[in-house]
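Source: prediction; values computed, not measured. A note on names: the letters A, B, ... follow the listed sequences, proteins ahead of strands, and every chain is numbered from 1.
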Amino acid sequence: MRLASKFILMVAGILSVTLALNAYFFLHSQNRILEQELNERGHVLGHLIALISPDAILGLDFLTLNDYAREVSRQQDVVYGVIVDNDEQPLTSHVNGSNAHVRSVLGLIGPAPEYLPPPRLKALVQQLAQLPDVIPIDFPIVHDGRQLGRLRVGMSREALTTKAREQLIQQFTIYAAIILFLCTAIYLVFKYSVMHPVQRLIKVSQDLGRGEFTLVPVTNGDELGRLGETFNEMTREIQREQAKLQYQANYDSLTAQPNRLLGVERLQQEIHSARRQQQHFALMIIDLDDFKIVNDTMGHAVGDRLLGHVSTHIRACLRDEDTLARLGGDEFLVLLPRLGQASDARDVADRLLEAVSAPVTLDGREVVAHCSIGIALFPDDGETVEVLMANADNAMYQAKKPGRQSICFFTAEMNAQVRERLQLEQDLNKVLARNELHLVFQPIFRAGDGAYVGAEALLRWQHPERGLISPATFIPIAESTGQIVAIGEWVLRETGRQLRRWMNAGLAPGYVAVNIARVQLREDLQQLIRSVLDDNALPAQALELEITENILLDDHQQINTVLGHLHAQGLRFSLDDFGTGYSSLSYLRRFSFDTLKIDRSFVAPLCEDANAAALVRAIVAMAHSLSLKVVAEGVETPAQLEFLQSLGCDYLQGYLLSLPLDTEHFTAFLTRLTQAPPPWGHETLLTDG
Amino acid sequence: MTDATKDTVVAKNADALIQRDRAGGEPGRRRVVLGLLAMLGLTLDAQTIPCARAADAPLVMGIFPRRHATLTTELYEPLAAYLSRELGRELQLVTAKDFDAFWDGVEQRRFDIVHYNQFHYVRSADKYRVIAHNEEFGLGTVAGALYVRKDSGISAIGQLRGRKVVFGGGTDAMMSYILPSYLLLQAGLQPTDYETIFSKNPPNSLISLFHGKADASGAGDILIDLPVVRNAMDTSSVTHLGMTERILHLPWAVRKDMPKALSARIQALLVGLKASEEGRAILTRAEMTGFGAASDVDYDPHRRIIRKVMPAMTIPR
């Protein structure tokens with residue numbers, strides 16, 4: 001029920017009750033007065049007759065008494081008038097035969113007789129006197145102090161009741177009119193003074209609910225007016241807050257450019273618009289190259305400022321109708337609507353490359369940023385947001401690949417690569433369940449005497465359809481999808497089990513180096529290592545954990561803590577692929593490494609390139625000065641072997657010495673070691689016990 | 001005009017007409033109008049009468065207060081108008097508020113024509129001469145009667161000894177007192193043998209009986225048939241206990257000094273009423289069926305009865 005209806009019902013109810021009470025008391029008092037009047041009239045009449053009756057009674061003048069009775073009965077509202085003697089016997093015989101009460105009591109339909117014998121008249125009077133509608137009044141007829149008889153008069157309330165009924169109807173009609181008038185008036189006042197403002201408030205609230213900010217027209221200063229003003233103020237505040245939230249939701253606070261959400265939305269709009277108008281547009285994904293280095297070396301604050309400069313430079317190269325959005329990190333989206341030709345996109349991309357690479361001075365240092373740009377064209381390269389974004393992203397990743405141009409248009413081949421990658425991702429999910437992984441071990445020998453000291457466990461994936469898949473192919477995928485955690489655990493546990501099998505076979509496997517991915521460096525790694533060692537009853541020295549220097553770039557406290565705890569348990573660490581990344585030498589001092597492995601890219605040109613030889617010599621010298629052992633990877637020729645020996649390199653690993661061997665062949669290798677002397681020098685192999 | 005007129009109503013008096021009209025209702029009004037017209041006719045006719053006749057004093061017609069004065073006037077006004085017209089003389093209709101006043105008028109011979117009861121006539125026979133008598137219900141005679149209630153168990157007059165007998169009017173009432181008393185005497189009951197009470201008038205005597213105020217009622221035999229009685233009581237509840245001999249009805253008399261021609265003329269007019277349509281209407285109005293000629297000797301039976309009942313009374317002749 002509506003508020004106005006409720007209000008009016010309430011008002012009508014109150015008015016009805018009030019007026020009904022008023023009417024009741026009015027009619028009640030009116031009735032009382034009328035009844036008093038009736039009584040009074042009866043008394044006046046009775047007293048008069050009682051006054052003049054004695055003569056007739058004493059003179060036995062029944063005709064006169066009857067005349068009196070007739071006169072009394074003729075009076076208005078009189079039902080009967082009878083003079084009785086002291087024995088209650090009627091002295092008159094007249095009855096008003098036309099009176100309805102008389103007829104009713106006598107049971108007659110037509111007029112009653114005008115005279116009744118005394119017994120019948122007496123009974124009639126008694127019956128009439130008991131009617132609720134009749135007021136019986138008695139008057140003694142006294143003469144000279146002696147009562148001669150009584151005059152009995154019955155006054156009818158019928159006229160009184162009729163009058164009261166008429167008055168009630170009249171009163172009811174008047175009150176109904178009053179209630180109707182008042183309710184209508186109150187309703188109209190309520191409607192225009194209260195309900196209209198309230199309805200306006202409701203409408204504005206509904207608008208507000210739909211996100212439309214309309215204000216309530218405030219016409220007066222009463223409570224509703226103030227409520228309207230307050231509501232308007234609230235609306236404005238919400239509008240401000242929503243604008244703020246919308247800005248925060250759609251704009252990047254760092255660059256003041258649209259964020260991914262708004263960028264995608266605009267892309268969606270542009271797709272609709274271009275489709276409707278049969279136009280082309282270009283979508284660019286821009287990613288800064290090696291931005292992480294800036295963050296790591298100069299701090300995140302500088303990195304953020306660099307992003308701000310870059311976005312400003314990009315924006316400056318674009319038209320007003322073009323969209324620039326920061327997708328996250330160092331990745332930007334550029335939307336070029338109404339594109340004439342593909343070459344126009346390239347021109348813009350060229351300008352963007354140039355703009356991004358403009359030198360920027362940050363904290364007193366000149367920083368030059370580079371970027372890679374992937375471009376997808378609508379509709380040729382996709383007609384949906386998802387497809388266009390994925391294709392532009394693919395193109396960007398292609399552009400990032402070494403040796404590629406920094407600007408790359410999407411091609412169909414890229415999709416094939418993507419599909420292949422996606423397939424590999426899906427296959428990787430099942431790789432452990434299908435037992436498709438296995439380990440191979442490449443021995444590591446001491447440089448001085450050629451003694452076997454240990455091996456590096458290398459992971460292999462024997463795909464049931466595609467054959468052997470290189471770790472260089474699937475490890476990055478596993479790292480990006482997080483599957484590397486499970487795979488890494490399997491590698492550690494399998495290595496532990498294999499070591500135990502070899503030791504149980506009386507062989508001397510030495511230590512086995514296992515590569516650890518970045519995501520594995522969590523607190524639970526300690527529990528895993530402890531579990532592997534305990535499950536296989538291995539000493540801590542049986543495992544060496546290899547970490548690439550890129551992992552250390554994060555320089556996270558957590559990594560340091562994990563490494564510290566593991567090192568304290570006796571595990572050894574080697575820094576893999578040293579020299580290929582961007583790590584500083586300070587890492588060697590900060591983290592507790594035991595071994596440094598020189599990447600094969602330094603070893604390969606060792607004999608032909610003097611610089612490379614000098615670099616390797618410096619690395620070996622530096623490592624030794626930090627009490628680190630040095631392992632040279634990728635030893636493939638005797639000349640390299642001799643040279644590395646001459647440099648004092650501690651350990652060697654490479655195809656010249658041994659290819660990676662599967663378990664069976666490595667077991668045979670270890671078996672041979674127990675029977676044949678090492679290639680050169682004395683062996684100091686780690687054995688069980 | 002005599003002193004009696006202070007208690008009378010004159011037919012031509014407008015106030016009296018109005019008073020009658022009020023008492024009589026619509027039919028009465030019509031009759032009054034007719035009367036007025038008649039009077040107007042008489043007046044016009046009178047203008048044609050010789051001057052000597054026009055100079056005659058008005059005749060006064062006195063009616064005893066058998067009924068209320070207004071009713072009496074109402075009933076006899078047409079008769080008065082008729083006589084006035086026929087006699088060519090103004091005629092004043094007079095009644096009295098009570099019997100005493102009326103009797104005073106008789107005693108003083110204020111009435112030229114008088115209508116009263118038989119006892120009145122017998123007592124005033126030295127002043128008035130009877131010329132006619134009433135005929136009511138077709139009868140020119142009446143009888144006195146004793147009534148009892150049917151449920152009283154009284155079947156003989158002798159049973160009234162020691163009982164209460166109500167008589168109508170007073171000791172002057174011929175039919176309601178003298179005749180019933182005569183009947184009681186004939187049954188051997190002296191006035192001291194029963195208790196005598198009087199009602200206001202004869203009809204009330206019977207009504208008193210009806211209301212149980214007495215064990216017997218003395219009244220005229222025709223009383224039970226009068227409308228005034230029938231309207232006031234259930235007449236079937238009472239019955240005659242005994243009746244006297246029939247005697248001539250209420251008399252109409254004229255002053256003894258009235259010229260014989262005039263009295264004869266009046267007698268002729270009265271007796272001749274029932275012969276004409278107009279006369280019958282006048283008689284009906286007066287609740288009569290006719291007039292009969294009467295002379296003084298016709299009232300000797302009355303004298304005889306009165307002497308029996310009232311032995312001490314001197315009856316003039």
Side-chain angles (χ1 to χ4, degrees), chain A residues 49 52-74 80-98 102 106 108 111-125 141 143 146-152, chain B residues 22-25 65-72 97-100 147 149-152 164-170 173 176-177 195-219 223 226-238:
Chain A
I49 300 299
I52 61 175
S53 293
D55 273 352
I57 293 175
L58 289 172
L60 296 178
D61 188 358
F62 291 95
L63 288 174
T64 302
L65 289 177
N66 232 15
D67 286 344
Y68 292 163
R70 185 185 297 109
E71 284 306 314
V72 170
S73 300
R74 277 180 187 165
Y80 62 86
V82 178
I83 296 170
V84 299
D85 61 15
N86 288 330
D87 298 327
E88 299 296 327
Q89 293 304 315
L91 301 178
T92 59
S93 57
H94 176 80
V95 290
N96 186 358
S98 59
V102 173
L106 291 176
L108 301 171
E114 287 201 358
Y115 301 93
L116 284 179
R120 281 192 70 193
L121 185 60
K122 183 179 177 183
L124 174 69
V125 167
I141 300 171
H143 175 71
R146 186 166 64 94
Q147 182 168 319
L148 304 177
R150 306 179 69 81
L151 169 65
R152 300 208 152 170
Chain B
R22 281 175 186 160
R66 182 187 181 188
R67 302 181 179 90
H68 294 302
T70 51
L71 182 61
T72 301
K97 64 176 183 181
D98 54 34
F99 279 94
D100 290 341
Y147 295 89
R149 289 187 299 277
K150 286 180 178 172
D151 60 358
S152 65
K164 189 185 285 184
V165 181
V166 60
F167 300 96
S176 294
Y177 176 68
E195 184 184 352
T196 300
I197 59 171
F198 288 99
S199 65
K200 179 77 175 176
N201 48 35
N204 274 314
S205 165
L206 199 52
I207 299 169
S208 294
L209 176 67
F210 174 71
H211 281 289
K213 296 301 175 186
D215 299 306
S217 165
L223 193 69
L226 292 181
V228 68
V229 174
R230 296 176 73 89
N231 288 340
M233 62 172 281
D234 178 13
T235 52
S236 65
S237 65
V238 297

4.5 Å side-chain heavy-atom contact, A/Leu91 and B/Lys213: yes

Distance col, row A/Leu63:CG vs B/Leu206:CG, nearest 0.5 angstrom, shows 10.0 Å

Separation between CG (A/Asn66) and CG (B/Asn231), nearest 0.5 Å, reads 9.5 Å

Partners meeting side chain to side chain contact (heavy atoms under 4.5 Å, CB included) with A/Ser53 (sequence neighbours left out): A/Ile49, A/Ile57, A/Leu65, A/Tyr68, A/Ile83, A/Ile141

Under 4.5 Å from a heavy atom of chain A, the part of B/Val229 involved: neither

Measuring from A/Thr64:OG1 to B/Ile207:CD1, what's the distance to the nearest 0.5 Å? 9.5 Å

In Å, rounded to the nearest 0.5 Å, how long is the span from CG of B/Asp234 to OG of A/Ser93? 9.5 Å

Gap between atom CG of A/Asp61 and atom OG of B/Ser208 - 0.5 Å precision: 8.5 Å

Checking A/Asp67 against chain B: side chain, backbone, both or neither under 4.5 Å from a heavy atom? side chain

As an exercise, state the distance from CE of B/Met233 to CZ of A/Phe62, rounded to the nearest 0.5 Å. 10.5 Å

Is it the case that atom CG in A/Asn86 sees more than 12 heavy atoms from other parts of the structure closer than 6.0 Å? yes

Quick check: closest heavy atoms across B/His211 and A/Pro118, and the distance to 0.1 Å? ND1-CG, 3.8 Å

